Protein chains: 2
Amino acid sequence: MLNQSSPLDLTFQALADPTRRALVERLVRGPASVSELARPLDMSLPAVMQHLAVLESSGLVRSEKVGRVRTCRIDAAQLSLAEQWINQRRLEWASCLDRLGDYLETLKNNDGEES
Amino acid sequence: MLNQSSPLDLTFQALADPTRRALVERLVRGPASVSELARPLDMSLPAVMQHLAVLESSGLVRSEKVGRVRTCRIDAAQLSLAEQWINQRRLEWASCLDRLGDYLETLKNNDGEES
DNA sequence: GAGATACTAAAGCATATGCTTAACCAATCA
DNA sequence: TGATTGGTTAAGCATATGCTTTAGTATCTC
């Protein structure tokens, strides 16, 4: 495996966990402190911190500490990256279907011309 | 952890691996057999099969065996699911930014009215 | 029927992941 | 100053993941 993960690896990996998606769902509605984020979650604070570390290393979340409270916020650029990858695949898939459609159409027409 | 993964978990998890994304990138251009998919990849056939199993259990890929060859193809519905989740988050984030903008605008106006 | 081909099944292994608990530090409050 | 609050570090543990190799089992092809 050997840690050479691409940004896309890290982003999808980050989104693959329900707790982390819950954190993202919370953070898109505005910034929050660590303990604020942890409150509704049914796990220890260190566990939440580890999820936040994953989100931060993927670039989905940024944070800064003022006094003793760390405030976390979304970085939407990384969300776009993941979305774009998926969107690109769907576009290719659609154009593949189109070509298939054209091909089938051609077959049908040629069939019509045969005797 | 205890295997109770949601479809979204499985989909993002499936997309988190570069080999599996490569398989998806290949398959959006049309169906392919297992060995055809394995050919360009630098790993054993069983390893590729395991990746395909992950993709299939996530719903991103379907396959059927005819004779001795198994043909794999994309199921785009599952791609949409992942895309929709991300898109939803981006929409919420945008509307959050809008509200913030409105709020700042209000502050500015009130500021102008003061003294 | 004897290969070759295409895939599958099983075991094993190294590393990664998702938690926990038990300290610990550093701002803030009383 | 001494307690509280908010966060951090470290260690440990169970399970999951991503491979490997080895040994199959069906299907073709000749």
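Keep in mind it's a predicted model, so treat the numbers as computed, not measured. For the numbers below, each heavy atom of this structure counts, side chains included, while hydrogens, waters and symmetry mates do not. Quick note on labels: first sequence line is chain A, next is B, and so on, each numbered from 1.
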My understanding is that only residues two or more places apart in sequence, or in another chain, count here; which of them pass side-chain contact (heavy atoms from CB on, under 4.5 Å) with [X]?
X: A:Val54; result: A:Ala14, A:Arg20
X: A:Thr19; result: A:Asp17, A:Leu41, A:Met43, A:His51
X: B:Ala32; result: B:Arg26, B:Leu27, B:Glu36, B:Leu37
X: A:Asp75; result: A:Arg62, A:Ala77

| request: Just jot down the side-chain hydrogen bond (donor to acceptor under 3.5 Å, both in side chains) partners of B:Glu56, sequence neighbours excluded, or say none. | output: B:Ser63

| task | Please list, chain by chain and in numerical order, all residues satisfying side-chain hydrogen bond (donor to acceptor under 3.5 Å, both in side chains) with A:Glu92, sequence neighbours excluded. | result | A:Arg89

| task | Between B:Thr71 and A:Ala16, name the one whose nearest nucleotide on DNA chain C is closer to the 5' end. | result | B:Thr71

| Below 4.5 Å, heavy atoms only, C-beta onward: do A:Ile74 and A:Leu60 meet side chain to side chain? | no

| task | Take atom CZ of B:Arg70 and atom P of D:dT25, then tell me their distance rounded to the nearest Å. | result | 18 Å

| field | Sub-4.0 Å heavy-atom contacts from residues 42-68 of chain B onto DNA chain D, ordered by number | value | B:Met43, B:Ser44, B:Pro46, B:Ala47, B:Gln50, B:His51, B:Gly67, B:Arg68

| query | Tell me, which of residues 27-40 of chain B have any heavy atom that sits under 4.0 Å from an atom in DNA chain D? | reply | none

| task | For B:Arg90, enumerate each residue passing the salt bridge (Lys or Arg N to Asp or Glu O under 4.0 Å) test, keeping only those at least two apart in sequence or located in another chain. | result | A:Glu83

